[in-house]
Amino acid sequence: MLMINLLPWREKKRQAANKRYKAHLGLGMLIAALIVLLIRQAIVEMNEQQGRINAMLASEIGQLDQQVAEVASLRTEQDAVRERIRIIENLQQDRATVVRILDELVMSMPIEILLRSVRREEQFLFIEGLSISYSGITELMRRLEASALFASAILNDITTETSAVAEDAFAFSLSVELNYGASLSDKNTELGAE
């Protein structure tokens with residue numbers, strides 16, 4: 001019987017398998033290195049893209065902040081303009097009110113009264129004058145209170161005085177509260193009718 005030695009063949013087969021294993025291992029390591037490299041490159045590109053997006057967003061936010069500042073300054077200007085308009089409207093209203101007050105005061109003045117001064121403070125009118133008699137002062141107060149423009153008349157002071165107008169004249173001072181509830185249009189229609 002013939003004896004065949006299989007050891008060299010097994011050894012060659014083992015070496016071939018070892019070479020294939022090493023080749024597969026090297027190929028696997030190369031593929032893994034390429035995959036890691038590609039993933040790393042993808043992450044770097046994603047970071048760069050995110051950086052560009054962040055820079056663009058920061059630029060847009062800067063522009064929006066500038067626009068918000070402009071809107072705030074426009075609101076401040078708008079408030080200032082509204083305040084000026086309100087002041088002008090009040091001045092216009094006061095201008096008409098002064099004319100109405102003087103007109104109503106002249107219409108309410110009895111013939112026995114001589115005015116020395118008329119002063120307006122806030123919603124009060126302070127009147128100082130001379131009267132020939134007590135009845136002239138009471139008539140003035142009655143007419144002022146009957147007027148739609150004046151709310152109430154209060155006599156503050158009355159003294160006897162000798163003047164060029166009369167020997168025994170009465171110097172008086174009274175305060176009249178203005179009635180801002182009286183509408184300008186109603187008064188204008190009354191004045192136009194006279």
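- Ile35 shares a hydrophobic cluster with Leu27, Ile31, Ile39, Ile43; the chain of contacts runs through ILVMFWY side chains whose heavy atoms sit under 4.5 Å apart.
- In this structure, Phe126 is not a member of the same hydrophobic cluster as Ile154, with clusters built from ILVMFWY side-chain heavy atoms closer than 4.5 Å.
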Under the side-chain contact (heavy atoms from CB on, under 4.5 Å) rule, what do Leu105 and Met109 come out as? Steps first, then yes or no, please. CA-CA 6 Å; Leu105 190 61; Met109 197 60 53; 4.0 Å; yes
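- Within the structure, the salt bridge (charged side-chain N to carboxylate O under 4.0 Å, His left out) test picks out the following pairs touching residues 140-160 (sequence neighbours left out): Glu139-Arg142, Glu139-Arg143.
- Glu121 pairs by the side chain to side chain donor-acceptor pair (under 3.5 Å) definition with Arg119, not counting sequence neighbours.
- Contact of the Leu64 side chain with the Gln67 side chain is registered, since non-hydrogen atoms from C-beta on lie closer than 4.5 Å.
- Residues Leu130 and Ala169 share a closest heavy-atom pair of CD2-CB, 4.4 Å.
- Through direct or indirect side-chain contacts shorter than 4.5 Å among Ile, Leu, Val, Met, Phe, Trp and Tyr, Ile53 is connected to Leu57.
- When hydrophobic side chains of Ile, Leu, Val, Met, Phe, Trp and Tyr are connected at separations under 4.5 Å, Val99 ends up as a singleton with no cluster partners.
- Met141 and Ile158 end up in the same hydrophobic cluster when Ile, Leu, Val, Met, Phe, Trp and Tyr side chains are linked at under 4.5 Å.
- Asn54 is linked by a side chain to side chain contact (heavy atoms under 4.5 Å, CB included) to Gln50, counting only residues two or more places apart in sequence or in another chain.
- Sorted by first and then second residue, the salt bridge (charged side-chain N to carboxylate O under 4.0 Å, His left out) pairs involving residues 60-86 (not counting sequence neighbours) are Glu83-Arg86.
- Distance check, rounded to the nearest 0.5 Å: CG of Leu125 to CZ of Arg120 gives 8.5 Å.
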Kindly determine whether Gln41 and Glu45 satisfy side-chain contact (heavy atoms from CB on, under 4.5 Å), including the steps that lead there. CA-CA 6 Å; Gln41 186 64 29; Glu45 285 181 18; 3.5 Å; yes
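- If you take NZ on Lys22 and CD on Gln15, they are separated by 9.5 Å, rounding to the nearest 0.5 Å.
- Within the structure, ring pair (Phe, Tyr, Trp, His ring centres under 6.0 Å) pairs that include any residue of residues 128-155 comprise Tyr134-Phe170 (at least two apart or interchain).
- Cluster note: Ile111 groups with no other residue, as no ILVMFWY side-chain heavy atom lies under 4.5 Å from it.
- Although no hydrogens or angles enter the test, the distance criterion places a donor-acceptor pair under 3.5 Å between the side chain of Thr76 and the main chain of Ala72.
- Between Leu144 and Ile127, some side-chain heavy-atom pair lies under the 4.5 Å cut-off.
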side-chain contact (heavy atoms from CB on, under 4.5 Å), that's the test. Do Val118 and Ile101 meet it? Break it down for me. CA-CA 11 Å; Val118 177; Ile101 288 171; 5.9 Å; no
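- Across all non-hydrogen atoms, the minimal contact from Ala171 to Arg116 is CB-NH1, 4.3 Å.
- What you find for Ser131 and Ile137 is that their closest heavy atoms are CB-CG1, 3.6 Å.
- By the side chain to side chain donor-acceptor pair (under 3.5 Å) test, Gln66 is found to be paired with no residue, residues two or more places apart in sequence or in another chain being considered.
- When the side chains of ILVMFWY residues are joined at heavy-atom separations under 4.5 Å, either directly or via intervening members, Leu115 and Leu155 end up in a single hydrophobic cluster.
- Residues satisfying the side chain to side chain donor-acceptor pair (under 3.5 Å) test with Ser135, not counting sequence neighbours, are Ser133.
- Applying the side chain to side chain donor-acceptor pair (under 3.5 Å) test to Arg14 and every residue at least two apart in sequence or in another chain returns Glu11.
- Linking ILVMFWY residues whenever their side-chain heavy atoms come closer than 4.5 Å, directly or via other members, leaves Met46 and Leu38 in distinct clusters.
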